[in-house]
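Structure, as structure tokens:
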Amino acid sequence: MAITLPTDAELNTFILARLATIGIDITTLPLSDASAPADQTRVLSSIRSFIRSSSPQISQYVADVQENPPVLYPAPFSQWTLE
Amino acid sequence: MPEILISSDDPGAPPQDTTLDRRKFLLRFAAVTAATSAAVAIAPRLARAASFSVPPELMDPDAFATDIHVSNVTDLTELTLAEAAKLIKAKQIKSIDLVEAYLARIAKYDGIYQAFNTVLAAEARNLANAVRLTGNNPALLGIPLAIKDNYYTAGVKTTANSYIFQNFVPSFDATAVARLKAAGGIVLGKMQMGPLATTRATTPDGIITTVNAWTPNTPSIDPGGSSSGSACSVAGRMASSSIGTQTGGSITAPSNAQGLTGLKPTVGRVSLYGIIPLTYTRDHPGPLARDAKDAAIMLQAMAGSDLNDPRTQGLPKVPNLIKAATPFKKKGKVVVRWPTRIGVIPDYTAGTSQNAVARAAMLATFASLGCEIVDVPLPDEWSLLTGRFNDVRLPERTEPFLEYLRQDLKLFGVSLNSWMQGLFLSGDEYLKGQRAKYILAERTFDTIFSQCDVVVQTSPVPFDIIGFPEIAFPIGFGTSSTQTGSQTIPLGAIVGGMPYSEDRLLALVAAYQAVTDFHTRRPPDPVLPTTTVARLAAATEMRLTAEEAEVLTE
């Protein structure tokens, strides 16, 4: 069965629930104000776009778990692992 | 019941855990505990008192210019760091002369450049007047320096151009700053930057501040990334040299945009302790300087192991970078110091653009210096690993700032979007990103560095992701067309190397700069507004939107 992609409204619900869970109140921003540095509408739009574009590509990437350890610092790691 | 065997053999060497340094770990743990209980979690208390010795290379004759005499100098602000060091050592000028010359330019032109957040005039004068020569002084003694405003400076406001830190006054210096000061450097001021090191320099709500020193009366021309205040101070001759940070091009981009030599060292070469973080695993502190020799002097002073930053430990010793950056001759002819194969990625010189022409000429110059030029392919999945996977940096900026996100989103001004996006990558996706970093590094070694020693770059991002070093330097001039006409701008190149190859990168650029003069040209002075109308026009605000900041963010 094909998975139905979330709508804007569903993503907004997800985003606001996540923010509320960790104690972030988006209503401290104006609802919609193009002259403000940031507003709720634009922040939600930005996050929706990020979720739709980034998560699918990254989560679907297959890395060889045995051959490719997760490494925070590849450059120093290349020295730390010299024998 | 099984028989229990009891050995009467010699127990052998003590177990390996007895060789671990518990004391070092416990001291660090205590410091971190203190820091996390502090009101400002991003501002750790000093883990241990900073006390740094001066690297002996800073006293070597190579650290001082050889062919300079004060009688040939009409303007002290034109001097490179190595030239000024020579004249101070030879008692032909005093540090205070240099400080006063820079302060005069700051007073005259910084209203246009807008490169400084804070000018420490009185402090700099006091330090300069206190300089005493002993005969064996480091090259940095009495040299005025510009410090990006995300480096902690004891007793001096450190804002990162953010509302969050607008009143933050650290009680200690970042390790890199402490090392520069220990070597005699004088902090002349704190520099404008992109808010929290994201975009070109703006106020927290996006109003453009620092301009490109080559086009000071045209703010629309990009001065480079977030270290643009540092770059402008050197290009605009308001400081001898400067330091910045790079997470996504913020040393190399402003260096290229403003005709400077910028060196982004390998991760761990310079301590990040006492620097306000942007993306913890890929922030790189480094110099933006007038040429390779000046960059080497700065990095020699800044680099080295730091007990307050474990990433700096267990790494190769810092080599003599200053010697590496001294042009090398064979039979009277300048050649590259070490045999070097330069890898050229596909399409690097394709087309007829001014950049393509300058790049081709640069490669021809390197060939004449004895370098071998080789074509190299890009590793598999290069676009994916350096493009989409670049997003995995975002949770790292969100995590240390979570308290501020809870407090008031408006504190993030125009930069808010990328901090919010960082909350929406899952833990497994973040971990996948760290595997991707390993894959990218491995393929870079296998595909690129199996065929060459250094490689040209068209973007700093790939090597920022994996923490490999890069050097940026000027290779010509072009034009930029704006509504006010065509303007001359510097053109630059970026060359990357394997981890801890800063000496090779400096040697390469030093040889190039020994036979070219792009790095010696200085931008003309800004036109000062003389009428009310002109002053009003100059004061017209340009502003980045949140959407532009999101695209431009490092």
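For clarity, every value in this text was computed on a predicted model and none was experimentally measured. So that the names make sense, note that chain A is the first sequence line, chain B the second, and so on, each numbered from 1.
Nearest heavy-atom pair, A/Gln79 versus B/Pro316, reported as atom, atom and distance to 0.1 Å: OE1-CG, 3.3 Å. Taking each heavy atom of A/Leu72 and B/Lys437 in turn, the nearest pair found is O-NZ, 2.9 Å. Residues B/Tyr438 and A/Glu67 come closest through the heavy atom pair CE2-O, 3.3 Å. Scanning all heavy atoms of the two residues, the minimum distance from A/Ser59 to B/Lys432 falls at O-NZ, 3.2 Å. Of all non-hydrogen atoms in B/Gly467 and A/Ala75, the two that sit nearest each other are O-CB, 3.3 Å. Pairing each heavy atom of B/Arg406 with each of A/Gly23, the nearest pair is CG-O, 3.5 Å.
Looking at B/Thr545, there are no atoms closer than 4.5 Å to chain A (heavy atoms on both sides), in backbone or side chain. For a residue to count as touching a neighbouring chain, one of its non-hydrogen atoms must lie under 4.5 Å from one of that chain's; by this rule A/Thr27 does not touch chain B. Contact of B/Leu384 with chain A is made through the side chain alone, with heavy-atom distances under 4.5 Å. If you measure heavy-atom distances from B/Ala546 to chain A, the contacts under 4.5 Å come from both the backbone and the side chain. Contact of B/Lys410 with chain A is made through backbone and side chain together, with heavy-atom distances under 4.5 Å. Neither the backbone nor the side chain of A/Ser49 comes within less than 4.5 Å of any heavy atom in chain B. In this structure, chain A has a heavy atom under 4.5 Å from the side chain of B/Leu385, while its backbone stays farther away. Contact annotation for B/Leu394: only side-chain heavy atoms (C-beta onward) come within less than 4.5 Å of a heavy atom of chain A. Looking at A/Ile26, the atoms closer than 4.5 Å to chain B (heavy atoms on both sides) sit in the backbone and in the side chain alike. For B/Phe412, no part lies under 4.5 angstrom from a heavy atom of chain A. Heavy atoms closer than 4.5 Å to chain A are found nowhere in B/Phe463, neither backbone nor side chain. When heavy atoms are compared at a cutoff of 4.5 Å, B/Arg282 does not approach chain A at all.
Side-chain contact between B/Arg435 and A/Val65: present, with at least one pair of heavy atoms (C-beta onward) separated by less than 4.5 Å. With a 4.5 Å cut-off on side-chain heavy atoms, B/Leu416 and A/Pro37 do not count as touching.
Ranking B/Ile439, B/Ile465, B/Leu440 against chain A, the residue ahead of the rest is B/Ile439, based on heavy-atom pairs under 4.5 Å. Contact count against chain A (heavy-atom pairs under 4.5 Å) is highest for B/Phe424 among B/Tyr500, B/Phe445, B/Phe424. For chain A, the option among B/Glu442, B/Gln407, B/Gln434 with the highest count of heavy-atom pairs below 4.5 Å is B/Gln434. Counting heavy-atom pairs under 4.5 Å between each of A/Phe14, A/Tyr61, A/Trp80 and chain B puts A/Tyr61 at the top. Taking A/Ala36, A/Ala63, A/Ser55 one by one and counting their heavy-atom pairs under 4.5 Å with chain B, the maximum is reached by A/Ser55.
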**Request:** Would you check, one step at a time, whether the test side chain to side chain contact (heavy atoms under 4.5 Å, CB included) holds for B/Arg388 with A/Ser53?
**Result:** CA-CA 8 Å; B/Arg388 178 56 63 200; A/Ser53 60; 3.6 Å; yes
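Rounding to the nearest 0.5 angstrom, the gap separating the CE atom in B/Met420 from the CG atom in A/Leu44 is 7.5 Å. One distance of note links CG of A/Leu19 with CG of B/Leu409; it measures 8.0 Å at 0.5 Å rounding. Atom CG in B/Asn417 sits 7.5 Å away from atom CD1 in A/Ile47 (nearest 0.5 Å). One finds the OG atom of A/Ser78 at 6.0 Å from the CZ atom of B/Phe468 (value rounded to the nearest 0.5 Å). Note that CD1 of A/Ile58 and CG of B/Asp391 are 5.5 Å apart. Values are rounded to the nearest 0.5 Å. Atom CG of residue B/Leu402 and atom CD1 of residue A/Ile24 lie 5.0 Å apart, to the nearest 0.5 angstrom.
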